[in-house]
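Reading through the structure tokens given below for one structure.
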Amino acid sequence: MKQYKQLLLANKAWASELKEEKPDFFSRQTVGQRPEFLWIGCSDSRVSPEQMTMALPGGMFIHRNVANLVNHDDMNLMSVLQYAVDALGVRHIIICGHHGCGGVTAALKGGTEGVVHEWLANARAVRDAHAEEIDAQTTEEAKVNRLVEVNVRDQAVKLAQTNTIRNAFARGQELWIHGWVYDIRDGLIRPLLEIDRDTVPDDVAAPERVLLTKDEMVERDGAEDAS
């Protein structure tokens, strides 16, 4: 069977299961949406926000792009942000990077061209801004991991500096920005930072390291076994 037909069959099974569990599920979906969360993540096919958080339809407004970047001239993201904050009233915005991000790796090592190269200018700017810390890492794996983490920090700060967020904070709207990373090696999300209306964006420090290298994971696991 062709793979795309498998998707259609899986969709029928999913819809049937939901209707069996909650007969009015889809009729309630037509009323409208009121999600609590806006998720800004990477387009990587291994990183599915609904799956990793077990969020049901209607619980999460989602925007994804290569390397989870926030560009103030990106009309797609800016319109998603405005609608999520002003119309839907989301209370939490999550910017989530992930281990093994191809876009972040390309920003560090190069090798891209065309539109992808242009798009990654933002990520290369993050690399340059944190060059001293990234270069201090002892392995290429650690350098990529650290760029993933500081990229989340810088994108969260850029998000906090948008007019939509500044206006929401000014009018006292309940709103938080969360910076997370997802580790595809164990399926766990690790929080890095949080920004609220009292946070001065430029004062947000670089997050602590949470993405360990393979050697660090082996060392950690060995210490846990010994204890």
Side-chain angles (χ1 to χ4, degrees), residues 1-71 74-107 112 114-116 118-120 122-123 148 151-152 155-156 159 164 175-192 211:
M1 180 181 296
K2 294 184 178 179
Q3 290 181 333
Y4 75 88
K5 290 187 177 180
Q6 292 179 337
L7 295 180
L8 296 173
L9 289 174
N11 168 253
K12 289 182 180 179
W14 171 78
S16 177
E17 183 177 347
L18 269 179
K19 284 188 288 187
E20 184 175 341
E21 293 178 358
K22 301 177 181 179
D24 65 340
F25 181 85
F26 290 106
S27 62
R28 287 190 288 109
Q29 294 295 305
T30 64
V31 175
Q33 59 174 323
R34 205 68 182 172
E36 282 279 313
F37 306 96
L38 166 60
W39 179 284
I40 301 172
C42 183
S43 299
D44 193 299
S45 61
R46 300 166 295 177
V47 183
S48 173
E50 301 103 317
Q51 185 175 34
M52 72 176 73
T53 62
M54 298 182 70
L56 291 174
M60 189 179 291
F61 206 55
I62 296 174
H63 175 87
R64 298 171 69 180
N65 63 55
V66 174
N68 45 274
L69 301 179
V70 175
N71 294 320
D74 180 354
M75 298 300 290
N76 188 345
L77 173 56
M78 291 300 107
S79 61
V80 166
L81 177 65
Q82 180 184 351
Y83 188 74
V85 173
D86 294 349
L88 298 177
V90 299
R91 299 177 69 240
H92 301 277
I93 302 175
I94 299 160
I95 298 184
C96 189
H98 69 96
H99 175 269
C101 180
V104 168
T105 302
T112 56
V115 176
V116 173
E118 294 177 15
W119 174 255
L120 291 175
N122 182 340
V148 167
N151 182 56
V152 168
Q155 304 313 315
L159 185 65
T164 295
L175 186 63
W176 291 266
I177 298 171
H178 308 271
W180 294 352
V181 291
Y182 170 69
D183 196 330
I184 63 175
R185 297 169 296 183
D186 60 16
L188 295 179
I189 295 171
R190 293 178 169 82
L192 295 176
L211 292 176

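All values reported here derive from a predicted model rather than from experimental measurement.
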key: Sub-4.5 Å side-chain heavy-atom contact between I93 and H178   = no
request  = Apply the test side-chain contact (heavy atoms from CB on, under 4.5 Å) to residues L81 and L159: give CA-CA distance (whole Å), side-chain angles for both, the deciding distance (0.1 Å), then the verdict.
outcome  = CA-CA 9 Å; L81 177 65; L159 185 65; 3.6 Å; yes
request  = Run the numbers on N71 and W119 for side-chain contact (heavy atoms from CB on, under 4.5 Å), then give the verdict.
outcome  = CA-CA 9 Å; N71 294 320; W119 174 255; 3.3 Å; yes
inquiry  = In the structure I gave you, are the side-chain heavy atoms of D44 and H98 within less than 4.5 Å of one another anywhere?
reply    = yes
task = With the side chain counted from C-beta on, respond yes when F37 and V90 share a heavy-atom pair under 4.5 Å apart, and no when they do not.
result = no
message = Check this for me: F26, atom CZ, are more than 12 non-hydrogen atoms of other residues, nucleotides or ligands nearer than 6.0 Å?
response = yes
remark   = CG (D74) and OG (S79) are apart, to the nearest 0.5 Å, by 8.0 Å
request  = Starting from the C-alpha separation in whole Å, work towards a yes-or-no answer on side-chain contact (heavy atoms from CB on, under 4.5 Å) for I94 and I40.
outcome  = CA-CA 6 Å; I94 299 160; I40 301 172; over 6 Å; no
query = Any donor and acceptor pair, going by atom type alone, linking the side chain of R64 with main-chain N or O of V47 inside 3.5 Å?
reply = yes
inquiry  = Looking at N65 and N68, would you say the former's side chain and the latter's main chain have a donor-acceptor pair under 3.5 Å?
reply    = yes
inquiry  = For the OG atom of S48 and the CD1 atom of I62, what is their distance to the nearest 0.5 Å?
reply    = 7.0 Å
query = Counting only N and O atoms by type, is there a donor-acceptor contact under 3.5 Å from the side chain of D183 to the main-chain atoms of G187?
reply = no
request  = Spell out, as yes or no, whether a donor-acceptor pair under 3.5 Å connects the side chain of Q155 to the backbone of V70.
outcome  = yes
task = Could you pull out the closest heavy-atom pair between L88 and P35, with the gap in Å?
result = CD1-CG, 3.9 Å
Identified side chain to side chain contact (heavy atoms under 4.5 Å, CB included) counterpart of L175 within the set V85, T164, L38 = V85
Any side-chain heavy-atom pair of W180 and V152 under 4.5 Å = no
request  = Would you please test W39 and H63 for side-chain contact (heavy atoms from CB on, under 4.5 Å) and show each step?
outcome  = CA-CA 6 Å; W39 179 284; H63 175 87; over 6 Å; no
From CZ (R185) to NE2 (H99), nearest 0.5 Å = 3.5 Å
message = Restricting to non-hydrogen atoms, name the atom on Y182 and the atom on R46 that form the minimum distance, rounded to 0.1 Å.
response = CE2-O, 4.2 Å
task = Taking the side chain as every heavy atom from C-beta outward, state whether V148 and L211 have any atom pair closer than 4.5 Å.
result = yes
inquiry  = Determine whether a donor-acceptor pair (N or O, by modelled atom type, separation under 3.5 Å) exists between the side chain of T105 and the backbone of C101.
reply    = yes
message = Tell me the closest heavy-atom pair linking A107 and L120, and the distance in Å.
response = N-CD1, 4.4 Å
